[in-house]
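Order of appearance sets the numbers: ligands from 1, and atoms from 1 within every ligand. Treat the numbers as computed from the prediction; the structure is a model and nothing was measured.
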Amino acid sequence: MSRPSLRYLRIAVTSRCNLRCVYCRPAGVAEGEDVLSREEIVRFVRLSVECGIEKVRLTGGEPLLRPDILEIVRDLAALPGLGDLGLTTNATCLASMARGLREAGLRRINVGLSAVAPEVYRRITRGGRVEDALAGLRAAVEAGFDPVKVNVVVMRGVNDGELPALAGLTREDAIEVRFVEYMPFLEDADSRERYLVSGEEVLRRLGELGEIEALPGRRGPGSARRYRLRGHRGTLGIIAPHSEPFCHACNRVRLTADGRLRACLIDGGEQDILPLIRSGLDRAGMERLLGEAAAAKPRIHTSAFRGQMHRIGG
Ligand code: SAM
């Protein structure tokens with residue numbers, strides 16, 4: 001079977017974060033500097049769009065910690081040919097920035113939120129305040145982002161008791177709350193058995209909250225299966241990289257915070273391209289890089305994650 005061309009680029013614009021989520025970053029990992037400059041990011045995206053990338057997502061670390069994030073968004077939103085620009089954030093700094101990001105041209109926003117109960121959120125994020133994240137989520141809705149999606153990494157015995165409260169966020173607001181299967185780190189292979197709650201189980205448990213209807217059609221490879229609880233404005237989603245891998249259709253490529261092009265989120269296939277970015281990457285070079293990344297994608301990824309999520313961006 002032939003490989004699909006790469007269409008979707010995710011860029012970790014920083015590896016710095018103000019949270020230390022247990023599913024993402026091992027405790028005690030040192031903060032790095034922001035390696036890529038705004039000019040390097042914008043030039044990289046411009047070339048990639050010229051070579052077939054249609055969709056770009058800014059991630060991290062926490063992208064809103066970059067002092068120049070508004071300028072980066074403004075520059076990217078103005079690129080001809082880039083139809084779809086999104087950003088993933090923990091939303092703890094979003095309350096004061098949502099309007100500015102919207103005015104800079106951002107349309108789509110994803111919020112990583114692990115719980116609604118303050119104590120559960122504090123434990124998972126190792127000290128975060130859920131009030132800040134919920135204020136950011138509210139600001140995103142009020143600023144008119146469309147869509148606003150919430151990503152919940154579900155871990156058994158850690159936050160699976162939060163499913164009803166998280167699903168409840170869809171009652172009044174037209175947001176999409178997506179439950180994501182936990183991806184274990186390679187160094188802690190047992191964590192899969194300990195923490196993984198399958199998408200099927202999440203769906204069954206959501207079905208206990210009320211009448212649930214399946215919504216038609218997926219939007220693209222790796223996107224969520226979607227549902228709605230009767231009477232709710234928003235929708236629910238299930239993302240199941242373990243139970244339903246979509247490697248055969250995966251059209252994603254990632255640029256890590258330290259300038260590596262990564263072919264597969266889970267299995268790696270990384271190439272250090274920082275020297276190339278710095279020495280004048282051109283369109284022919286970008287075409288070659290994207291072709292190599294497409295060829296480096298595994299037929300099917302392994303079950304444990306290789307690398308550091310805060311550097312890669314999820
Ligand atoms: N700071 C932002 C945030 O919190 O969403 C963006 C960076 S974070 C690395 C991006 C996303 O990666 C998170 O929202 C989460 O959904 C996902 N993620 C991180 N670690 C994960 C894991 N072990 N399994 C599944 N998803 C994970």
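For the pair Ser114/Tyr23, a side-chain contact is recorded, criterion being any heavy-atom separation below 4.5 Å from C-beta on. Counting only heavy atoms from C-beta outward, the side chains of His310 and Cys17 never approach each other to under 4.5 Å. A heavy-atom distance below 4.5 Å is not found between the side chains of Leu9 and Arg254. His242 places none of its side-chain heavy atoms less than 4.5 Å from the side chain of Tyr182. Between Thr235 and Tyr227 there is no side-chain heavy-atom pair separated by less than 4.5 Å. Side-chain contact check for Glu270 versus Thr256: some heavy-atom pair is nearer than 4.5 Å.
The residue among Arg178, His242, Met183 with a heavy atom at the shortest distance from atom 25 (C) of ligand 1 is Met183. By heavy-atom distance, the residue among Asn151, Leu265, Leu65, Val153 lying nearest atom 15 (C) of ligand 1 is Val153.
Taking any N or O of Glu62, backbone or side chain, at least one lies under 3.5 Å from an N or O belonging to ligand 1.
Contact analysis leaves His310 out of contact with ligand 1, as no non-hydrogen atom separation drops below 4.0 angstrom. Proximity of Pro184 to ligand 1 is not established, as no heavy-atom distance is less than 4.0 Å.
Close approach of ligand 1 to Gly61 is summarised as follows: ligand atoms under 4.0 Å from at least one heavy atom of the residue are 1 (N), 2 (C), 6 (C), 7 (C). Ligand-side atoms of ligand 1 in range of Gly60: 7 (C), 9 (C), range being under 4.0 angstrom from any heavy atom. Of all atoms in ligand 1, numbered sequentially from 1 with element shown, those under 4.0 Å from a heavy atom of Cys24 are 9 (C), 20 (N). For ligand 1 and Glu181, the ligand atoms under 4.0 Å from any heavy atom of the residue are 25 (C).
Residue Thr88 touches ligand 1 through backbone and side chain together, judged by heavy-atom distances below 4.0 Å. At a heavy-atom cutoff of 4.0 Å, ligand 1 is contacted by the backbone of Thr89 but not by its side chain. The proximity of Thr59 to ligand 1, defined as any non-hydrogen pair under 4.0 Å, is limited to the side chain.
Comment: Glu213 does not engage Arg230 in a salt bridge, judged by the lack of any side-chain N to carboxylate O separation of less than 4.0 angstrom. Salt bridge status for Glu40 with Arg43: absent, with no side-chain N to carboxylate O gap under 4.0 Å.
By the definition of a contact as any protein heavy atom under 4.0 Å away, atom 22 (C) of ligand 1 is in contact.
The shortest contact between atom 19 (C) of ligand 1 and any protein heavy atom is with Met309 CG, 3.3 Å.
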